[in-house]
Amino acid sequence: MLKRIIFILIQFISVVCTYATENHYDSFIDTLSELPSFERRRMIHGYAEAYANRLNEKPERERFLQILKDFALVQKDDALLNEINLMKRKQVEVMDFPRSEREAKLLALIAKYEKSKDLYFLGFCYHELGQIYFQQGNYAESFINDLKALEVYKKIGYDKVPNIGKILHEIALHYYFFRDYEEVIKLMEQSFEFPAFNKTLDLQRYNNMGLSYLNLGMNTQAIHYFKKGFDLSEDYQSEIWRGLLAGNLGKAYYNSENYSKAYYYFKKCYEINKDEDLHLTVKVNSIINMTNIHLQLDSIQQAKDFLLHFEKSLPELNRMSVTYLDAKHLGDRQHFEITKKKYFEGKIKYLKKTNNFALAVSYQDSLIEVSQLIEEKYNSAIGKMASDQLTIQNKEMELIRNEKSKDNQRYFYLFILLTTALIGGLSYFQLYRLNQKKVRQSERLLAQSRITILENQQSKKELEHSKSELNNFVSKVNELNKIISGMEDELLHLKDLKC
């Protein structure tokens with residue numbers, strides 16, 4: 001009976017979860033329907049990243065991609081359909097294989113597609129191979145593939161790559177590990193030119209900028225980015241990021257010796273993270289931050305209370321040392337070691353404040369040990385990196401030469417284009433001038449003809465007028481002659497009468 005009840009409960013939970021998932025997909029599809037094609041492509045990558053744990057299960061991922069495909073077909077969105085097919089292809093040809101087999105798969109795919117026009121897939125292969133090499137500690141090859149990936153994406157155009165924000169972020173983390181904070185800032189500035197990949201990555205890039213400036217000692221700039229990220233985390237309603245960014249704001253103010261604001265943000269960080277179980281290092285870091293600020297403000301008892309609170313978490317923190325070497329992300333390993341270092345630093349400060357110098361010296365040995373461990377790993381990585389630096393420099397030089405060659409080629413084509421345009425312009429101008437000259441000549445001839453015609457017309461009129469006047473004059477002369485002739489006749493008649 002009990003087994004039957006348990007079975008029914010499991011079936012019920014499964015149905016409820018499926019229903020909730022379907023509703024979530026429906027809501028996401030509704031959001032996509034209101035967006036242009038490129039934004040849809042960017043959104044599906046962001047969604048897949050945000051819900052990676054669910055979509056890592058092959059049946060669920062295939063169901064999700066099929067829903068997207070159906071939507072793309074209904075919308076007649078060919079670009080979205082191509083993106084979905086690319087996502088499937090990445091899974092089938094690379095990501096579905098065990099991590100140990102992916103390197104060989106990627107190398108074979110790169111050799112196959114290196115000279116092809118399949119740039120989106122080729123860029124993915126280079127980038128993923130760079131990630132694998134970095135996890136292996138093969139830093140030279142990792143950076144070479146990072147550079148190749150960026151080269152491919154530049155050919156496509158960063159603005160045409162939907163998940164470029166995530167790619168730039170992951171490559172920036174490689175530079176962050178080697179404390180090349182200036183390069184991290186450059187990559188993050190490029191990332192800010194594009195819309196956020198998803199909420200988490202949006203917050204991460206503000207945090208990356210803040211941490212880079214913080215490590216460079218540029219506290220004002222660090223506060224600026226931490227504050228923007230903190231405000232955004234409230235808009236996104238992300239408690240874990242509110243806690244992280246509050247803690248980092250506290251550090252920036254602490255380094256600036258603004259202890260009242262440091263206390264405000266450290267306290268906020270602690271209040272948010274005090275019950276955090278999933279991210280233990282976040283929780284214990286908030287505790288050690290409260291220890292340090294209380295020591296700085298000479299609140300010795302409160303500092304002691306927080307130290308004891310931290311030490312209660314030590315057994316669980318130490319258990320992490322068994323598994324942290326298998327951590328997927330390099331940042332997880334760094335956080336573990338740095339957390340232990342911070343604890344020893346806080347403990348030593350407290351012991352010195354309470355004049356317990358003998359015990360402080362013993363803790364100093366532990367601090368030196370963990371600091372050396374961190375530096376040894378860093379220096380080992382740097383040494384390994386340095387041994388292959390020539391390879392990287394050669395690759396960078398090759399890329400620079402390629403870029404210069406492309407630039408020279410572009411300049412040559414531009415010169416030819418401008419020269420052709422100039423010659424064409426001059427030829428057109430000459431033809432225009434000749435044409436204008438002919439037009440002006442025609443206009444002059446026409447004007448002269450008009451003048452001649454007018455002159456002829458005027459002469460004709462004047463001639464007719466003169467002829468008319470002459471006729472009038474002749475007529476008057478004739479009339480006068482008639483009168484004179486009449487008078488002569490009368491005179492003759494009078495003479496005859498006298499005789």
Side-chain angles (χ1 to χ4, degrees), residues 39 42-43 45-52 146 150 158-159 161-256 258 261-262 264-273 276 278-279 281-283 285-286 289 329-332 334-335 338:
E39 285 301 300
R42 188 178 60 79
M43 284 287 287
H45 281 283
Y47 186 94
E49 180 74 13
Y51 296 95
D146 285 346
L150 291 177
Y158 282 175
D159 58 328
V161 181
N163 60 334
I164 190 63
K166 180 173 183 284
I167 293 161
L168 291 169
H169 167 72
E170 289 177 344
I171 293 174
L173 292 181
H174 295 175
Y175 286 97
Y176 190 88
F177 175 77
F178 282 99
R179 304 176 189 176
D180 189 349
Y181 304 118
E182 290 89 351
E183 192 62 32
V184 175
I185 290 168
K186 285 179 188 175
L187 288 166
M188 288 297 96
E189 283 175 343
Q190 287 180 314
S191 175
F192 279 120
E193 293 175 14
F194 308 103
F197 177 68
N198 58 31
K199 292 178 181 180
T200 300
L201 195 74
D202 198 17
L203 293 166
Q204 281 179 329
R205 56 187 182 178
Y206 282 105
N207 194 52
N208 288 346
M209 287 289 275
L211 286 171
S212 296
Y213 279 118
L214 188 69
N215 284 302
L216 290 170
M218 301 168 73
N219 296 315
T220 303
Q221 290 90 333
I223 289 167
H224 169 76
Y225 282 101
F226 286 142
K227 189 73 171 65
K228 289 191 92 169
F230 180 77
D231 293 342
L232 200 59
S233 70
E234 292 185 327
D235 294 339
Y236 288 157
Q237 298 180 340
S238 175
E239 283 297 287
I240 186 68
W241 274 104
R242 279 186 71 236
L244 279 168
L245 287 157
N248 287 335
L249 264 170
K251 289 174 197 172
Y253 281 119
Y254 187 93
N255 290 354
S256 303
N258 188 339
K261 283 197 172 181
Y264 172 81
Y265 283 107
F266 279 151
K267 185 179 179 184
K268 190 174 284 290
C269 173
Y270 170 70
E271 287 171 349
I272 292 169
N273 292 309
E276 176 63 46
L278 185 60
H279 303 94
T281 54
V282 174
K283 175 182 176 179
N285 276 325
S286 72
N289 286 336
H329 303 292
L330 197 62
D332 296 339
Q334 290 175 303
H335 287 155
I338 291 167

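Count residues from 1 along the sequence.
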Please walk me through it: do Lys186 and Glu189 pass salt bridge (charged side-chain N to carboxylate O under 4.0 Å, His left out)? CA-CA 5 Å; Lys186 285 179 188 175; Glu189 283 175 343; over 6 Å; no
Between [Y] and [X], is there a side-chain heavy-atom distance shorter than 4.5 Å?
X	Y	result
Ile171	Leu150	yes
Leu211	Asn207	yes
Ile223	Thr220	no
Asn198	Tyr47	no
Leu214	Asn248	no
Ser286	Glu276	no
Phe192	Met209	yes
Tyr265	Phe226	no

Identify the two heavy atoms, one from [X] and one from [Y], that lie closest to each other, and give their separation to 0.1 Å.
X	Y	value
Ser212	Ile185	CB-CG1, 3.7 Å
Ser233	Leu245	CB-CD1, 4.3 Å
Lys227	Leu249	N-CD2, 3.9 Å

Starting at [atom1] of [X], measure out to [atom2] of [Y] and round the result to the nearest 0.5 Å.
X	Y	atom1	atom2	result
His224	Met218	NE2	CE	12.0 Å
Asn163	His169	CG	NE2	13.0 Å
His174	Asp180	NE2	CG	13.0 Å
Glu183	Met188	CD	CE	10.5 Å
Leu201	Glu49	CG	CD	7.5 Å

Report the C-alpha separation of Asp202 and Tyr236 in whole Å, then their side-chain angles, then the decisive distance to 0.1 Å, and conclude whether the side chain to side chain donor-acceptor pair (under 3.5 Å) test is met. CA-CA 10 Å; Asp202 198 17; Tyr236 288 157; 2.7 Å; yes
Quick one: does [X]'s side chain have a donor or acceptor within less than 3.5 Å of a partner on [Y]'s backbone?
X	Y	result
Asn273	Cys269	yes
Ser256	Ala252	yes
Arg205	Ser191	yes

Is the shortest side-chain N to carboxylate O distance from [X] to [Y] below 4.0 Å?
X	Y	value
Arg242	Glu239	yes
Glu170	Lys166	yes
Lys268	Glu271	no

Check for me whether the distance between the ring centres of Phe230 and Tyr206 falls short of 6.0 Å. no
Does a side chain donor of either Asp146 or Tyr175 reach within less than 3.5 Å of an acceptor in the other side chain?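 Not at all, the side chains of Asp146 and Tyr175 share no donor-acceptor pair under 3.5 Å.
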Run the ring pair (Phe, Tyr, Trp, His ring centres under 6.0 Å) check on Tyr181 and Tyr176 step by step: do they pass? CA-CA 6 Å; Tyr181 304 118; Tyr176 190 88; 5.3 Å; yes
